[in-house]
Asks: 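Have a look at this one before I ask anything.
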Amino acid sequence: MDTELADLLCIGAGLAGERVAIEAASCGFKAICLSIVPPRRSHSSAAQGGMQASLGNCAMGAGDNQDIHFQDTVKGSDWGCDQEVARLFVETAPRAVREMAFWGIPWNRVVPGKSAFFKGGKEYEKVEPKENKGLITARDFGGTAKWRTCYTSDGTGHTLLYTMDNKVVELGVAVHDRMEAISLIHDGETCTGVVARCLKTGRLKAYLARATLIATGGYGKIYKESTNAVINDGGGAIIALDTGVVPFGNPEAIQFHPTGIVPTNILVTEGCRGDGGTLLDVNEKRFMPDYEPEKAELASRDVVSRWMIHHIREGCGVKSPYGDHLWLDIRHLGERHIKTKLREVEEICNNFLGIDPVTQLIPVRPAQHYSMGGVKTNKDGAAYGLKGLFSAGEASCWDMHGFNRLGGNSLAETVVAGKIVGEKIAEFLKGYDVQFKTASVKDVADRVQERLERRISGKDGGESAFEVRNAMQDELMERVSIFRNGKDLEKAVENLQGIYERSKRVGLRSNGIGASPELALALKIQGMLRLAICVAYAALKRTESRGCHAREDYEARNDRDWLNRTLATWKEGEDLPTLNYEPASGVLEIPPGDRGYGVSKIITRDGETTGA
Amino acid sequence: MGRQLKFHIFRYNPEDTNSVPRTDDFYLEETESMTLFIALTRIREEQDPSLQFDFCCRAGICGSCAMVINGRPGLACKTLTRDLPAEITLMPLPVFKLIGDLSVDTGTWFRSMNEKVGSWIHNDEAFDPDAQEERMDNALAEEIYELERCVECGCCVAACGTANMREDFVGAVALNRIARFMLDPRDRRGEKEYFEVIGTDEGVFGCMGLLACEDVCPKELPLQDQLGILRRKMGWSALKRLFRVK
């Protein structure tokens with residue numbers, strides 16, 4: 001089998017993967033990135049809104065600093081994050097933004113003088129300081145005390161990804177695109193690379209590396225309604241879970257975004273609400289101030305999403321053939337603002353809905369959006385359980401988001417974690433030697449080959465990979481969604497186990513020759529189901545409400561019993577994951593308290609109930 | 001009842017020795033807000049699981065899904081079937097290497113293009129992590145962003161007469177990229193360096209001026225303007241060289 005050797009193998013060439021590769025390559029190491037799509041197609045490009053960093057250059061960001069960014073992040077996470085990691089993140093973010101500026105990002109800049117802005121549909125005026133002319137400016141995002149989200153119009157992810165990949169090209173880092181990692185090569189203690197399948201030819205190839213990084217993004221596509229790209233099917237999470245020794249952190253922490261358009265679930269950016277867009281119901285009445293008088297539409301995503309579903313359940317949704325939805329109104333922002341600052345939003349409305357947001361309302365409802373959980377790592381990005389394995393970005397559970405991520409903190413995480421983890425991997429590589437065992441490579445390759453042949457031959461049965469996937473997606477959407485309860489979750493686990501059995505009997509309808517999209521799914525579907533079961537089972541066991549995890553039967557956040565992180569591993573041959581727990585944070589710089597928005601019923605660490 | 005749509009789709013799997021290039025027909029009933037993403041996904045999942053095509057963001061952002069739609073290159077994800085006649089012919093993009101059916105290898109082509117034009121900020125200084133960022137006028141930042149919006153989908157290359165005839169032509173996408181860097185004061189390259197990259201027949205002088213590139217650009221980039229500006233600049237540069245004007 002064709003085999004390639006590297007110091008660092010990055011699985012995934014989005015922002016996090018490429019940033020890590022750049023750091024290693026800058027230190028003289030040979031880095032190779034694998035990507036299932038050409039790198040500039042990675043889902044990082046879709047993040048329109050921006051990247052949080054407490055530069056404090058703009059008028060509404062004046063006085064901002066790392067402490068305030070830290071507080072916002074910890075509160076946003078509902079105290080589920082690792083505070084040491086969050087601290088590291090906020091300290092590094094301003095430097096990371098400036099470094100990206102140095103590499104070529106056309107960040108929007110401070111324009112001195114008076115300008116108007118909208119908040120909650122009302123017009124206000126601000127005066128940008130003359131002395132800050134030309135410095136990087138910021139916009140408002142949900143859950144933040146200051147305007148802190150640096151942006152390039154509404155293509156921030158796009159410009160970041162292009163600039164990052166420019167750097168990759170400059171440094172000559174190889175990106176093997178359309179190459180999908182199918183299995184990690186490891187001996188239970190050390191990871192030494194992967195066996196991958198070429199999505200141009202279908203051929204297998206081995207990559208041997210001293211360090212392997214998983215940076216494959218989120219796993220939103222296990223849900224039916226998701227804003228995620230079609231490639232976000234949890235590939236990296238699956239191969240880590242397959243090892244049986246690498247734990248998956250907080251699988252149940254799934255974020256829903258308030259504004260996916262109906263019916264295609266394409267995301268319209270939080271920038272809409274940040275800039276003053278409002279949410280309206282069937283009577284075109286603005287309802288968020290009734291639930292959240294202070295923050296209204298700009299409460300954190302979990303809170304806004306829940307109130308939206310609540311409001312729909314109250315019978316205030318707009319009926320449509322695709323189910324009930326609500327309206328997003330940005331008409332009052334004016335044509336000029338919409339056509340410049342929110343141009344991608346305008347394009348999405350025109351192209352995918354056939355409506356004009358300057359004069360018409362946008363149909364929206366919450367859709368799965370972000371996976372806070374992922375491959376559990378320490379603060380250096382080193383995965384638990386296997387030496388030589390690392391993870392960064394959305395694929396990882398580093399864990400700075402806990403149970404809810406703030407808008408603008410994910411793009412920031414990819415670049416910041418990429419920088420930090422990249423430095424740590426470079427340090428690791430300097431003093432590290434490993435033996436590549438040809439027998440274990442052959443063993444993994446043989447097993448992958450056998451799986452592949454069984455699927456093609458239909459030896460295990462003739463279940464359709466697409467139908468099995470659809471059944472899984474429907475089940476999660478139905479019972480493991482924004483509001484959760486014990487009864488539904490138990491049913492979901494049971495049903496998903498049934499679907500898991502079906503996934504073992506998948507057989508191809510096509511011949512499986514070449515890239516074969518059907519084979520690609522057939523090879524992954526069992527892993528996707530294990531992931532789905534981890535999500536449902538961990539959600540069932542977590543008998544509290546925290547951030548995005550809202551239990552109707554356990555409404556309080558329970559700091560006495562659940563100020564911790566789920567660690568799920570899947571032992572070979574089992575039909576359920578093993579769940580362990582670790583403290584959410586070793587250091588509690590800010591002790592658990594009230595977020596200031598959302599439902600605030602809390603069982604304190606002393607067992608007292610507050611805010612009931 | 002929606003319209004009955006008939007799709008003629010190019011088929012060929014180069015990895016399969018039994019496969020021959022051909023066109024297959026598929027039928028679908030049109031539904032509300034149907035895009036080619038929705039249609040092709042349904043065809044694959046309900047009728048022929050071997051059908052190859054590329055989608056990623058399915059929101060017009062990533063540039064994965066360019067194909068020739070009734071004779072015209074475009075992004076399939078943002079093409080609503082209601083804007084097309086009931087017979088729809090889909091072909092892979094020309095110029096790029098075929099992977100199978102509607103899927104082509106844009107990754108290799110664009111990586112090579114980016115290498116050729118040096119698509120990065122050329123600057124020998126080291127980044128100072130403790131320094132404030134270099135200031136930039138917001139209007140300039142927006143001007144750069146305007147050209148940076150290219151998604152490397154390949155439509156302009158597929159629609160280009162020169163690129164279809166000559167493998168070494170860099171295409172409108174590359175010229176636009178150079179124009180982006182020429183605007184950027186952080187890129188320290190001078191006119192001479194840019195000239196070396198694009199002041200040739202493979203570059204700006206290879207263009208025949210058909211300008212289909214701008215017609216088909218899904219991001220509506222001002223490719224024609226950039227071409228004109230670059231030609232003038234490079235033309236001057238060539239004249240200066242000819243007469244050795246310092």
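Sequence lines set the chain letters: A, B, ... in the order given, protein chains first and strands last, and positions in each chain run from 1.
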Asks: Quick check: do Thr159(A) and Arg149(B) have side-chain heavy atoms less than 4.5 Å from each other?
Replies: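 In short, these two side chains do not touch, never coming nearer than 4.5 Å.
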Asks: Using the side chain to side chain contact (heavy atoms under 4.5 Å, CB included) criterion, which residues pair with Arg336(A)? Sequence neighbours excluded.
Replies: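 Per chain and number, Arg336(A) pairs via side chain to side chain contact (heavy atoms under 4.5 Å, CB included) with no residue.
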Asks: Rounded to the nearest 0.5 Å, how far does CG of Asn138(B) lie from OG1 of Thr137(A)?
Replies: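 Between Thr137(A) OG1 and Asn138(B) CG, I get 7.5 Å after rounding to 0.5 Å.
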Asks: Would you check, one step at a time, whether the test side-chain contact (heavy atoms from CB on, under 4.5 Å) holds for Ile513(A) with Asn13(B)?
Replies: CA-CA 8 Å; Ile513(A) 296 172; Asn13(B) 181 357; 4.2 Å; yes
Asks: Does any part of the side chain of Val168(A), heavy atoms only, come nearer than 4.5 Å to the side chain of Arg111(B), both counted from C-beta?
Replies: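 Side chain of Arg111(B) against side chain of Val168(A), heavy atoms only: contact under 4.5 Å found.
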Asks: Which answer fits Asn470(A), side chain, backbone, both or neither, if we ask what part of it has an atom under 4.5 Å from a heavy atom of chain B?
Replies: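 Only the side chain of Asn470(A) comes within 4.5 Å of chain B.
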Asks: Mind ranking Arg95(A), Glu347(A), Lys167(A) by heavy-atom pairs under 4.5 Å with chain B and telling me who comes out on top?
Replies: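 Looking at each of Arg95(A), Glu347(A), Lys167(A) in turn, Arg95(A) comes out on top.
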Asks: Which one of Gly155(A), Ala229(A), Gly104(A) has the most heavy-atom pairs closer than 4.5 Å to chain B?
Replies: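 Most heavy-atom pairs under 4.5 Å with chain B: Gly104(A).
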Asks: In terms of heavy-atom proximity below 4.5 Å to chain B, should Val97(A) be classed as side chain, backbone, both, or neither?
Replies: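 Neither part.
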Asks: Could you go through Glu134(B) and Arg98(A), starting from their C-alpha distance and side-chain angles, then the distance that decides it, and tell me whether this counts as side-chain contact (heavy atoms from CB on, under 4.5 Å)?
Replies: CA-CA 9 Å; Glu134(B) 208 176 298; Arg98(A) 290 184 177 128; over 6 Å; no
Asks: Does the side chain of Glu518(A) come within less than 4.5 Å of Ser50(B)'s, by heavy atoms?
Replies: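 A side-chain contact is absent here, since even the closest heavy-atom pair is not under 4.5 Å.
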Asks: Heavy-atom distance under 4.5 Å to chain A: side chain of Cys153(B), backbone, both or neither?
Replies: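 The backbone, not the side chain.
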Asks: Give the member of Thr41(B), Val151(B), Thr79(B) that has the highest number of heavy-atom pairs under 4.5 Å with chain A.
Replies: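 Winner by heavy-atom pair count: Val151(B).
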Asks: Using side-chain heavy atoms (C-beta onward) and a distance below 4.5 Å, is Asn511(A) in contact with Asp16(B)?
Replies: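 Sidechains of Asp16(B) and Asn511(A): in contact.
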Asks: Nearest 0.5 angstrom please: Glu142(B) CD to Thr152(A) OG1, how far?
Replies: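 If I round to the nearest 0.5 Å, the distance is 10.0 Å.
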Asks: Starting from the C-alpha separation in whole Å, work towards a yes-or-no answer on side-chain contact (heavy atoms from CB on, under 4.5 Å) for Arg203(A) and Glu15(B).
Replies: CA-CA 10 Å; Arg203(A) 279 188 278 280; Glu15(B) 293 294 320; 3.5 Å; yes
Asks: So for Thr108(B), is it side chain, backbone, both, or neither that comes closer than 4.5 Å to the heavy atoms of chain A?
Replies: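 Contact with chain A is through both the backbone and side chain of Thr108(B).
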Asks: Distance check, rounded to the nearest 0.5 Å: Glu99(A) atom CD versus Asp128(B) atom CG?
Replies: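 The distance works out to 11.0 Å.
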Asks: Using a cut-off of under 4.5 Å on heavy-atom pairs, state which of Asn57(A), Ile231(A), Ile105(A) scores highest against chain B.
Replies: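 Max contact count across the listed options: Ile105(A).
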Asks: Does any backbone or side-chain atom of Leu267(A) lie under 4.5 Å from a heavy atom of chain B? Answer side chain, backbone, both or neither.
Replies: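 Neither part.
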Asks: Sort out for me which of Gly107(B), Pro14(B), Ser119(B), Ala139(B) touches chain A most, counting heavy-atom pairs under 4.5 Å.
Replies: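 Heavy-atom pair counts peak at Ser119(B).
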Asks: So which heavy atom on Tyr145(B) is nearest to which on Ser153(A), and how close?
Replies: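 Closest heavy-atom pair between Tyr145(B) and Ser153(A): CE2-CB, 3.4 Å.
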Asks: Given a strict heavy-atom distance threshold of 4.5 Å, which part of Asn108(A) is in contact with chain B: side chain, backbone, both, or neither?
Replies: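 Contact with chain B: backbone and side chain both.
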Asks: Measuring heavy-atom distances to chain A, does Ala131(B) have an atom under 4.5 Å in its side chain, in its backbone, in both, or in neither?
Replies: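 The backbone, not the side chain.
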Asks: Can we say Arg509(A) and Glu45(B) salt-bridge, meaning some charged N sits less than 4.0 Å from an Asp/Glu carboxylate O?
Replies: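 A salt bridge is absent here (no side-chain N lies under 4.0 Å from a carboxylate O).
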Asks: Do NZ/NE/NH1/NH2 and the carboxylate oxygens of Glu146(B) and Arg343(A) come within less than 4.0 Å?
Replies: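 Salt bridge present between Glu146(B) and Arg343(A).
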Asks: How would you list, in number order, the residues of residues 52-64 of chain B that have a heavy atom less than 4.5 Å from chain A?
Replies: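 Gln52(B), Asp54(B), Phe55(B), Cys56(B), Cys57(B), Arg58(B), Ala59(B), Gly60(B), Ile61(B), Cys62(B), Gly63(B), Ser64(B), listed by number.
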Asks: Could you check if a side-chain atom of Phe466(A) sits within less than 4.5 angstrom of a side-chain atom of Pro49(B), using non-hydrogen atoms only?
Replies: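 When only atoms from C-beta onward are counted, Pro49(B) and Phe466(A) do touch, with a gap below 4.5 Å.
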Asks: Against chain A, label Arg44(B) side chain, backbone, both or neither, depending on which of its atoms sit under 4.5 Å from a heavy atom there.
Replies: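 Contact with chain A involves both backbone and side-chain atoms of Arg44(B).
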Asks: So Asn123(B) and Phe102(A), do their side chains get closer than 4.5 Å, heavy atoms only?
Replies: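 In short, these two side chains touch, coming nearer than 4.5 Å.
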Asks: Contact part of Glu115(B) toward chain A, heavy-atom cut-off under 4.5 Å: side chain, backbone, both or neither?
Replies: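 Both the backbone and the side chain of Glu115(B) come within 4.5 Å of chain A.
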Asks: Could you measure the distance from the CH2 atom of Trp103(A) to the CH2 atom of Trp120(B)? Nearest 0.5 Å is fine.
Replies: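 The distance works out to 14.0 Å.
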Asks: I need the residue from Leu135(A), Ile266(A), Asp177(A) with the largest number of non-hydrogen atom pairs under 4.5 Å to chain B.
Replies: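 The answer is Leu135(A).
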Asks: Which residues satisfy the ring-ring contact (aromatic ring centres under 6.0 Å, His included) test with Tyr162(A), sequence neighbours excluded?
Replies: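 Residues passing ring-ring contact (aromatic ring centres under 6.0 Å, His included) with Tyr162(A): His158(A).
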Asks: For chain B, which of Asn232(A), Val230(A), Val110(A), Ile36(A) has the most heavy-atom pairs under 4.5 Å?
Replies: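 When all of Asn232(A), Val230(A), Val110(A), Ile36(A) are compared, Val230(A) has the most.
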Asks: Using 0.5 Å steps for rounding, measure from the CD atom of Glu133(B) to the CZ atom of Arg109(A).
Replies: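 If we round to the nearest 0.5 Å, Glu133(B):CD and Arg109(A):CZ are 6.0 Å apart.
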Asks: Give, as side chain, backbone, both or neither, the part of Leu521(A) having an atom under 4.5 angstrom from any heavy atom of chain B.
Replies: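 For Leu521(A), no heavy atom lies under 4.5 Å from chain B.
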Asks: Can you say whether Glu467(A) sits under 4.5 Å from chain B via the side chain, the backbone, both, or neither, judging by heavy atoms?
Replies: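 Contact with chain B involves no heavy atom of Glu467(A) at all.
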Asks: Can you name the side chain to side chain contact (heavy atoms under 4.5 Å, CB included) partners of Leu140(B), sequence neighbours left out?
Replies: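 Partners of Leu140(B) under the side chain to side chain contact (heavy atoms under 4.5 Å, CB included) test: Met136(B), Asp137(B), Glu143(B), Ile144(B), Pro185(B).
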Asks: Pick one of side chain, backbone, both or neither for Val169(A), based on which atoms fall under 4.5 Å of a heavy atom in chain B.
Replies: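 Backbone plus side chain of Val169(A), per the 4.5 Å heavy-atom cut-off to chain B.
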Asks: Could you verify whether a donor N or O on one side chain and an acceptor N or O on the other, from Arg41(A) and Thr106(B), lie under 3.5 Å apart?
Replies: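 Side chains of Arg41(A) and Thr106(B): pair found under 3.5 Å.
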Asks: Please report the closest heavy-atom contact between Glu170(A) and Ile121(B), naming both atoms and the distance.
Replies: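 Minimum heavy-atom contact is OE1-O, 4.4 Å.
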Asks: Any non-hydrogen side-chain atom of Asn114(B) less than 4.5 Å from a side-chain atom of Arg40(A)?
Replies: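 Side chain of Asn114(B) against side chain of Arg40(A), heavy atoms only: contact under 4.5 Å found.
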Asks: If you take all heavy atoms of Val104(B) and Arg178(A), which pair is closest and at what distance?
Replies: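 Smallest interatomic distance, heavy atoms only, reads O-NH2, 3.0 Å.
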Asks: Quick check on the interface: out of Ser45(A), Ser35(A), Ala515(A), Pro106(A), who has the most heavy-atom pairs with chain B under 4.5 Å?
Replies: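 If we count pairs closer than 4.5 Å to chain B, Pro106(A) comes out on top.
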Asks: Which region of Glu46(B), side chain (C-beta onward) or backbone (N, CA, C, O), has a non-hydrogen atom less than 4.5 Å from a non-hydrogen atom of chain A, or is it both or neither?
Replies: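 For Glu46(B), there is no contact with chain A at all, as no heavy atom is under 4.5 Å.
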Asks: Indicate yes or no for a side-chain donor-acceptor contact from Arg135(B) to the backbone of Lys133(A) under 3.5 Å, with no hydrogens or angles considered.
Replies: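 Here the side-chain-to-backbone pair exists.
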Asks: Does atom CD of Glu131(A) have more than 12 heavy-atom neighbours, drawn from other residues, nucleotides or ligands, at distances under 6.0 Å?
Replies: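 Counting other residues, nucleotides and ligands, CD of Glu131(A) exceeds 12 neighbours.
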Asks: If only atom types and distance count, is the side chain of Asn351(A) paired as donor or acceptor with the main-chain N or O of Lys78(B) below 3.5 Å?
Replies: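 A pair under 3.5 Å: no.
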